[in-house]
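Working notes for the structure below.
Chain A is the first sequence line, chain B the second, and so forth, proteins listed ahead of strands; every chain is numbered from 1. Computed from a predicted structure; not experimentally measured.
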Amino acid sequence: MINKAKRHIIRIVQESIKKTYSVKGLLISVERTKDGKFGDFSTNAAMMHSHKLKEHPMSIGKKLCKNIQQSLSKDSFIDKVELVKPGFINFYISKRFWIDVFKEVILAGEKYGRSNTGDGKKILVEFVGSNPTGPLNVVSARAASIGDSLCNILSFNGYDVKREFYINDAGEQVSRFVESLIARYNQIYNPDFPFPDDGYHGNYVKDMAKELDEKYGRSLLNKRADDVKDRCRSFYLSKILGDQKRDVEGFGVKFDVWFSEKTLHDSSKVTNALKKLEECGFVYEKDGATWFRSTKFGDDEDRVLIKANGAPTYFLADIAYHLDKFERGFDKAIDFMGPDHHGHIGRLKMAIKALSIDEKWLDIFIVQQVNLMRGGEKIKMSKRAGRFETMRDLVSEVGKDAARFFFLMRSQSSHLDFDLNLAKEESSKNPVYYVQYAHARICNILKHAEEGKIDMGGIDNPNMELLNKPDEIELAKTLAGFKDICEISALTYTPHRIAGYLLKLAGVFHNFYNKHRVVTENKKLTAARLLIVKSTRIVLVNGLRLLGISAPEKM
RNA sequence: GCGCCAGUAGCUCAGUUGGAUAGAGCAUCUGCCUUCUAAGCAGAGGGUCGGGGGUCCGAAUCCCUCCUGGCGUACCA
């Protein structure tokens, strides 16, 4: 709808330029105005080209404007064209044009807002992935909301999207965890058994040791160390991954692939990646270790790929992982990483470059930290104390909808203060309810209309001309903007725009609701207004679905 | 020291890639429920967009510089 208008206006302006000036190749842009007092669309053509044409913007604008006005046919959907102060040419669109949106929405239904900008491109989004050394925390919850919602949005725009969870089930941290677990297990029988200095202190390790004890009893005490490690490893991994999977699914996220880092090592993909880097000439040996010449790409120092002890670093494994993604045929890969991965990003991109993969193939975003607040007080998060920091506790306290919405209101790159009291509050202060309430209200109107058994003679084709109140037009314009928002949000990987849009739409609707009754004695008007309300509902539902948030019919 | 991110209303944050008088929510104040949900609406106050330069017809947005905060700067992940 908006695109249609935009294209039309661009053509008109171009023709007008052609008629007035002989200069060729002048680009013009037409934008939606952000304020209604400047009309609906505007072009800055006169200002943009005043330099090239060596003429004052207002003077150019005057000519163009006059031309355009003359060329408008009587049945054009452009009501008015005017030239304003610095040189903007503003276009006012007729009410009739906007009103058509309601029918368009109803017709498209759950498809309304979709686009095909993705053109079936295969895109892999990796998010949440973490060390399997404990329950998922609130930052993971934030990443889950953002990653999942972005995937929804990308699919909505015609991309072929896969969600992937990377399990860091190899390397140092896992060994450390196993050591901690073995220590806790031993402590059941011998309280003096030493606990490793760099071990995991959380209480869940003790709980897990108890479960281990339930399964094996004393039998592990006198087994070979290697054997014990293996058993503990697989015991705890399946346990923790099971928990993480449940947490994530309880949050409404379903991953297509749970990718194990260990399989990269086992399948020699890691060594292959190293070989490729070698072939490209960016690898050398020093001090018994194998290094990546990242300084060639602007790094401060070169980075280790194979440690002196012969074990590959996380860095090398991650290179192998991304090479694997590339070889799986994805047109694009997106990673969401935790704040602690800051330094890693640049290096990973360097490695990608070294493998002569297009830099633009990989985009990496940091999901910033979350401060949990309660009544203005920051809750101190400490892994040791194992206090309120897990995704599960968060969801059980504030609910999936509130948690997701709060995470999706903000852009992922900024630090977030998450107020638990506010998220829990069932009141006007809580933005989640604000949006959901709009939906519930609509459902109630529809129910009311049905119960009233109002006979809608000729309801099949209500007379939309009856809709001419400013609030109705405003609603139409807002609904028309949904598609643009979806597209921008997909193109810039910013799901929070959808949340922002929904808040706006809910506001416009609440305003309309308070000023006008939908179901009245006036049957024709009722029929037309029911169409408004139904189409608003569709957009609310579509938007909430993109965020993974429910649209309750009653509140 | 170096690198990345941030600094916008009392608080928490948006700002569609350079547009017009910088926007929401919370908090504060004033109105609105015999009529489809008041979890709502309308209105008011509140700003040197961290400071200073520069580019441009036009800057919160781009460039330079300084100040402040967070994080990173491992043969951890």
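A centroid separation of less than 6.0 Å is found between the aromatic rings of A:Tyr321 and A:Phe259. Taking the six-membered ring for Trp, A:Phe195 and A:His201 have ring centres closer than 6.0 Å.
Of the candidate nucleotides B:rC36, B:rC2, B:rU17, B:rC36 has the atom nearest to the side chain of A:Val519. Comparing B:rA14, B:rG19, B:rC36 by their closest approach to the side chain of A:Met48 singles out B:rG19. Taking every side-chain heavy atom of A:Arg410 into account, B:rA14 is the closest of B:rA77, B:rU35, B:rA14. Of all nucleotides listed (B:rG15, B:rA77, B:rG19), B:rA77 comes nearest to the side chain of A:Asn168. For A:Arg347, counting side-chain heavy atoms from C-beta on, the closest listed nucleotide (B:rA38, B:rA77, B:rC41) is B:rA77. Considering only side-chain atoms of A:His496, the nucleotide from B:rC75, B:rA14, B:rA77 that sits closest is B:rA14. In the set B:rG15, B:rC13, B:rC36, the nucleotide with an atom closest to the side chain of A:Asp417 is B:rC13. Comparing B:rA39, B:rU17, B:rG15 against the side chain of A:Met555 picks out B:rA39 as the nearest. Here B:rA39 is the nucleotide among B:rC75, B:rA20, B:rA39 with the atom lying nearest to any side-chain atom of A:Tyr437. Side-chain proximity of A:Arg497 to B:rG15, B:rC76, B:rA74: nearest is B:rG15.
When rounded to the nearest whole Å, the span between CG of A:Leu503 and P of B:rG25 equals 9 Å. In this entry the distance linking CG of A:Asn430 with P of B:rU12 reads 18 Å, nearest Å. Note: CD1 (A:Ile485) to C1' (B:rG15) measures 11 Å, nearest angstrom. As a whole-Å value, the separation of A:Asn157 CG from B:rU16 C1' is 14 Å. Atom P of nucleotide B:rC33 and atom CZ of A:Arg517 are separated by 15 Å, given to the nearest angstrom. In this structure, A:Arg176 places its CZ atom 13 Å from P of B:rC75, rounding to the nearest Å. The CG atom of A:Asn44 sits 7 Å away from the C1' atom of B:rG19 (whole-angstrom rounding). Between the CD1 atom of A:Ile442 and the C1' atom of B:rA39 there is a distance of 15 Å, rounded to whole Å.
Within the 4.0 angstrom heavy-atom criterion, only backbone atoms of the sugar-phosphate kind lie near A:Gln369; the bases stay farther away. Among the protein residues, A:Lys504 comes within range of no part of the nucleic acid, since none of its heavy atoms lies under 4.0 Å from any strand. Counting any heavy atom pair closer than 4.0 Å across all strands shown, A:Asp287 reaches a base atom. Within 4.0 Å of A:Gln412, counting heavy atoms only, lies no atom of the nucleic acid at all. A:Leu416 comes within 4.0 angstrom of the backbone, heavy atoms only, and of no base. The residue A:Ser489 sits apart from the nucleic acid: no heavy atom pair falls under 4.0 Å. A:Phe315 comes within 4.0 angstrom of nothing in the nucleic acid, heavy atoms only. At the heavy-atom level, A:His439 lies nowhere under 4.0 Å from the strands shown. Within 4.0 Å (heavy atoms only), A:Gly500 reaches no atom of the nucleic acid at all.
Here the closest non-hydrogen pair linking A:Ala551 and A:Val541 is CB-CG2, 4.2 Å.
Looking at A:Ser42, its side chain comes within 3.5 Å of the base of B:rA20 through a donor and an acceptor atom. On a pure distance criterion of 3.5 Å, a polar donor-acceptor pair joins the side chain of A:Asn90 and the base of B:rA20.
B:rC26 is paired with B:rG10 under the criterion used here, namely a Watson-Crick or G-U wobble arrangement in which both key atom distances are under 3.5 Å. Within the shown strands, nothing qualifies as a pairing partner of B:rG45 under the Watson-Crick or G-U definition with both distances less than 3.5 Å. Base pairing analysis places B:rA60 opposite nothing; no Watson-Crick or G-U wobble pair with both distances below 3.5 Å involves it. Nucleotide B:rG1 forms a pair with B:rU73, judged by Watson-Crick or G-U wobble geometry with both contacts under 3.5 Å. The partner of B:rU35 is absent, by the rule that a Watson-Crick or G-U pair needs both atom distances under 3.5 Å.
A salt bridge links A:Glu553 with A:Arg537: the distance from a Lys NZ or Arg NE/NH1/NH2 to an Asp or Glu carboxylate oxygen falls below 4.0 Å. Taking the charged nitrogens against the carboxylate oxygens, A:Asp35 and A:Lys37 do have a contact shorter than 4.0 Å, which makes a salt bridge.
Side-chain contact check for A:Asp335 and A:His341: no donor-acceptor pair (N or O, by modelled atom type) lies under 3.5 Å.
Residue ring and nucleobase are not stacked for A:Phe88 and B:rG19 under a centre distance beneath 5.5 angstrom and an angle between planes beneath 30°. Using a 5.5 Å limit on the distance between ring centres and a 30° limit on the angle between planes, the aromatic ring of A:Tyr434 does not count as stacked on the six-membered base ring of B:rA39.
Between A:Ser411 and B:rA14 there is a side-chain polar atom (N or O) within less than 4.0 angstrom of OP1 or OP2. Residue A:Tyr314 has no polar side-chain atom (N or O) positioned under 4.0 Å from OP1 or OP2 of B:rA77. The phosphate of B:rA20 (OP1 or OP2) has a side-chain N or O of A:Lys34 nearer than 4.0 angstrom. Taking 4.0 angstrom as the limit, A:Lys515 places none of its side-chain polar atoms (N or O) nearer than this to OP1 or OP2 of B:rC32. Contact between the side-chain N/O atoms of A:Asn511 and the OP1/OP2 oxygens of B:rA42 is found at a separation under 4.0 Å. Contact between the side-chain N/O atoms of A:His341 and the OP1/OP2 oxygens of B:rC71 is not found at any separation under 4.0 Å. OP1 or OP2 of B:rA38 lies within a sub-4.0 Å distance of a side-chain N or O belonging to A:Arg441.
Relative orientation of the A:Tyr314 and A:His344 rings is tilted, given thresholds of 30° and 60° on the angle between their planes.
Map A:Val304 and A:Glu553 each onto its nearest nucleotide of RNA chain B; the residue landing nearer the 5' end is A:Glu553. Judged by closest nucleotide on RNA chain B, A:Pro57 is the one of A:Pro57 and A:Asp302 placed further toward the 5' end.
With A:Ser59 as the partner, the side-chain hydrogen bond (donor to acceptor under 3.5 Å, both in side chains) test is satisfied by one option alone out of A:His56, A:Glu55, A:Lys62: A:Glu55.
Shown here, B:rU34 is classed anti by the O4'-C1'-N9-C4 or O4'-C1'-N1-C2 angle, which is more than 90° from 0. Classified by its glycosidic torsion, B:rC62 falls in the anti category, the angle being over 90° from 0.
Under the 6.0 Å distance and 45° angle rule, A:Arg32 counts as a cation-pi partner of A:Phe41. For the pair A:Arg441 and A:Phe509, the cation-pi criterion (under 6.0 Å, within 45° of the ring axis) is not fulfilled.
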